[in-house]
Trainee: 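The structure follows.
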Amino acid sequence: MQDNITNHDPNCEQIQPDLAALALGETEAAPEVATHLRTCPACRATLREYIALASGLRGTPDLIEPPQHLRQRIIAAVEAESGTKAVPPAPAPTPVRQPRPSLLHRPTVRWVAAAALLLALLLWNMSIQRQLGEQRELLAAAQSQVAASRDNWSVMTRLLNAPDLHWYNLGGTTTNGHFWLSENEGAACLTTKQLPPLADNQVFQVWFGENGSYTSGGTFRGRDGMGWLLLQLKSLPKQYDTVRVTMEPRGGSATPTGPVVLEDKLANQQRV
Amino acid sequence: MIVAVSSRTQSHEQDEQIVAMLRDQPSEGVALLYDTYGRIVYSVAFRVVQDHGAAEEITQDVIMRCWRTIHTYQPGRSSLASWLLSIAHNRAIDELRSRRGKHTRSEMSGDILDVLADEANPLDNVLLRGTIRDELLSLPLAQREVVELVFWGDLTRREVAERLHVPLGTVHTRLRLGMEKLRQTLGHLIHNEQIEEAE
């Protein structure tokens, strides 16, 4: 805190309310205040502290629960905006050649043209139906993925806000991460970074071990060298003191077989 | 290896997670951002505009803006909460000014104030919420009222004087005393933030 404000200086004394009002957002300060601030380090320091205080005041209102629909509305807006960007532009329409009018006047040609048109319509309809079916499957898969992601993040949010949250730093040669755990929530999460690249037919597999015996916690693929896996405590072994991550064939292995990318001990006595 | 982790580190770790998610998986990142800070953002917006519909719009704008401009967020400069609430407060004040036919805040900011605002280390308003709120509530009512009318109500001191039917000089005195008392009781927090920033 600055205690060196020159109280005997009438200018400093006089502009204290201006400094407070400026920090709180009143922008209609007199020009002489700006002039004084340019030449007075003590008042600039005071104003900086008032601005810091004002930033703290933003956290003080009574907490009000927003309406339940707001969360979904915001997420839908984000999905629409990010989804729109990902949609490829529609292909340019194929130009249709117009038949020569003179031929259409001939009855045989007219029948052949009508049959060809019917066949084309039939094929087009089948193609549309097939595309619609594929789109429905993709949409169902995407909806299922979004629903799963929401569930995961709901668990993750509860986990991160749990009063009994404990976590462990995991250090490897290159890869490192954290293991988060809440007994109350019955959930844990492993987050990793600086993972090595995976082949298409590989996954990272998480193991929990003690005395050389390992139990799988699940697999993940990661992205851009980072990855995470959400776990239910009830699915983990009762005793373990080590977390290990290995590279395994897609689908995972019964026991660790691939290269170890991360391994670290957990100190049980500090796990409350 | 286990490291004792403070609530501040916990908050930083959580912010890192949110930022990474916002960049890589927008929907999930925004869901986590909203679940973590949506309530306080909504509360700040409502505190200013006093209108649930407008508070919803502002909250959506703030969360979307945070997602769109996450590349400009500087973790070393402030916590994600401070950044978010700063956007929320300014957006809500602009809404209020728009309703009153006033200029938006950015148009009125003086150059020296902008420079000082950049230099000031914002207090982590979510982590320190309880402490700051306690000190604010411990101010004499007359002083707190003036501080809040300027900060949340976006009133000038002259407008506060008219609203409270007191002389302008009285408003000046209450404002100075209130802010000075907050500075004395919370000054150590400001300096702790500065020390951590330097480290």
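Every chain is numbered from 1, with letters handed out A, B, ... down the list of sequences.
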Trainee: So, taking the atom named CG in Leu63(A) and the one named CZ in Arg129(B), what distance separates them when rounded to the nearest 0.5 Å?
Mentor: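 CZ of Arg129(B) is found 4.0 Å from CG of Leu63(A).
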Trainee: If you round to the nearest 0.5 Å, how far is CD1 of Ile74(A) from CE of Met64(B)?
Mentor: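 The CD1 atom of Ile74(A) is 8.5 Å from CE of Met64(B), to the nearest 0.5 Å.
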Trainee: With a 3.5 Å cut-off and sequence neighbours excluded, list the donor-acceptor pairs that the side chains of residues 40-58 of chain B form with protein atoms.
Mentor:
unit_1   : atom_1 : unit_2    : atom_2 : d
Tyr42(B) : OH     : His52(B)  : ND1    : 2.8
Ser43(B) : OG     : Ile64(A)  : N      : 2.8
Ser43(B) : OG     : Ile64(A)  : O      : 3.4
Ser43(B) : OG     : Arg39(B)  : O      : 2.7
Arg47(B) : NH2    : Glu148(B) : OE1    : 3.4
Gln50(B) : NE2    : Phe46(B)  : O      : 3.3
Gln50(B) : NE2    : Arg47(B)  : O      : 3.0
Asp51(B) : OD1    : Gly53(B)  : N      : 2.8
Asp51(B) : OD1    : Ala54(B)  : N      : 3.1
Glu56(B) : OE1    : His69(A)  : NE2    : 2.9
Glu56(B) : OE1    : Arg73(A)  : NH1    : 3.1
Glu57(B) : OE2    : Arg73(A)  : NH2    : 3.4

Trainee: Roughly how far, to the nearest 0.5 Å, is CD of Glu16(B) from NE2 of His178(A)?
Mentor: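 The CD atom of Glu16(B) is 8.0 Å from NE2 of His178(A), to the nearest 0.5 Å.
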Trainee: Is there side-chain contact between Glu26(A) and Leu175(B), with heavy atoms separated by less than 4.5 Å?
Mentor: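 The answer is no; the side chains never approach within 4.5 Å.
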Trainee: Taking CZ in Arg163(B) as the centre, count heavy atoms belonging to other residues, nucleotides or ligands within less than 6.0 Å. Is the count above 12?
Mentor: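 No.
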Trainee: What are the two closest non-hydrogen atoms of Tyr34(B) and Pro67(A), and how far apart are they?
Mentor: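 Taking Tyr34(B) first and Pro67(A) second, the nearest heavy atoms are OH-O, 4.2 Å.
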Trainee: Of the non-hydrogen atoms in Gly38(B) and Pro66(A), which two are nearest, and what is the gap between them?
Mentor: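 Here Gly38(B) and Pro66(A) meet closest at O-CG, 4.5 Å.
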Trainee: Rounded to the nearest 0.5 Å, what separation is found between the CD atom of Glu49(A) and the CD atom of Glu180(B)?
Mentor: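 The distance works out to 8.5 Å.
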Trainee: Find the distance between CG (Leu186(B)) and CG (Leu57(A)) and round it off to the nearest 0.5 Å.
Mentor: 8.5 Å
Trainee: Looking at every heavy atom in both Glu79(A) and Ser27(B), which two are closest together, and how far apart are they?
Mentor: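 Looking at all heavy atoms of both residues, the closest pair is CG-OG, 3.0 Å.
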Trainee: Mind listing the closest non-hydrogen atom pair of Ala20(A) and Met179(B) along with its distance?
Mentor: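 Taking every non-hydrogen atom into account, CB-CG, 3.6 Å.
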Trainee: Are there over 12 heavy-atom neighbours, none belonging to Arg221(A), within less than 6.0 Å of that residue's CZ?
Mentor: yes
Trainee: Can you tell me which portion of Leu136(B) sits under 4.5 Å from chain A's heavy atoms? Options are side chain, backbone, both or neither.
Mentor: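 It is the side chain, since no backbone atom gets that close.
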Trainee: Who among Gln17(B), Arg133(B), His172(B), Arg176(B) has the most heavy-atom pairs with chain A under 4.5 Å?
Mentor: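 Ranked by contacts with chain A, first place is Arg133(B).
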Trainee: Name each donor-acceptor pair under 3.5 Å that joins a side chain in residues 186-194 of chain A to protein atoms two or more places apart or in another chain, with its distance.
Mentor:
unit_1    : atom_1 : unit_2    : atom_2 : d
Thr191(A) : OG1    : Trp180(A) : NE1    : 3.1
Thr192(A) : OG1    : Gly227(A) : O      : 3.0
Gln194(A) : OE1    : Asn176(A) : ND2    : 3.1

Trainee: Enter the distance from Arg183(B):CZ to Leu53(A):CG here, rounded to the nearest 0.5 Å.
Mentor: 8.5 Å
Trainee: Minimum heavy-atom separation for Asp24(B) and Arg223(A), please, with both atom names.
Mentor: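 Where Asp24(B) meets Arg223(A) most closely, the heavy atoms are O-NH1, 3.0 Å.
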Trainee: Side chain, backbone, both or neither: which part of Val147(B) has a non-hydrogen atom closer than 4.5 Å to chain A?
Mentor: both
Trainee: Test your reading of the model: is there a side-chain donor-acceptor pair from Arg58(A) to the backbone of His89(B), 3.5 Å cut-off?
Mentor: no
Trainee: Decide yes or no for Thr60(A) and Trp152(B): does some side-chain heavy atom of the first lie under 4.5 Å from some side-chain heavy atom of the second?
Mentor: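 With C-beta onward as the side chain, the pair touches.
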Trainee: Please report the shortest heavy-atom distance between Ile75(A) and Ala31(B), naming the atom on each side.
Mentor: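 Smallest heavy-atom distance, with atoms named: CD1-CB, 3.7 Å.
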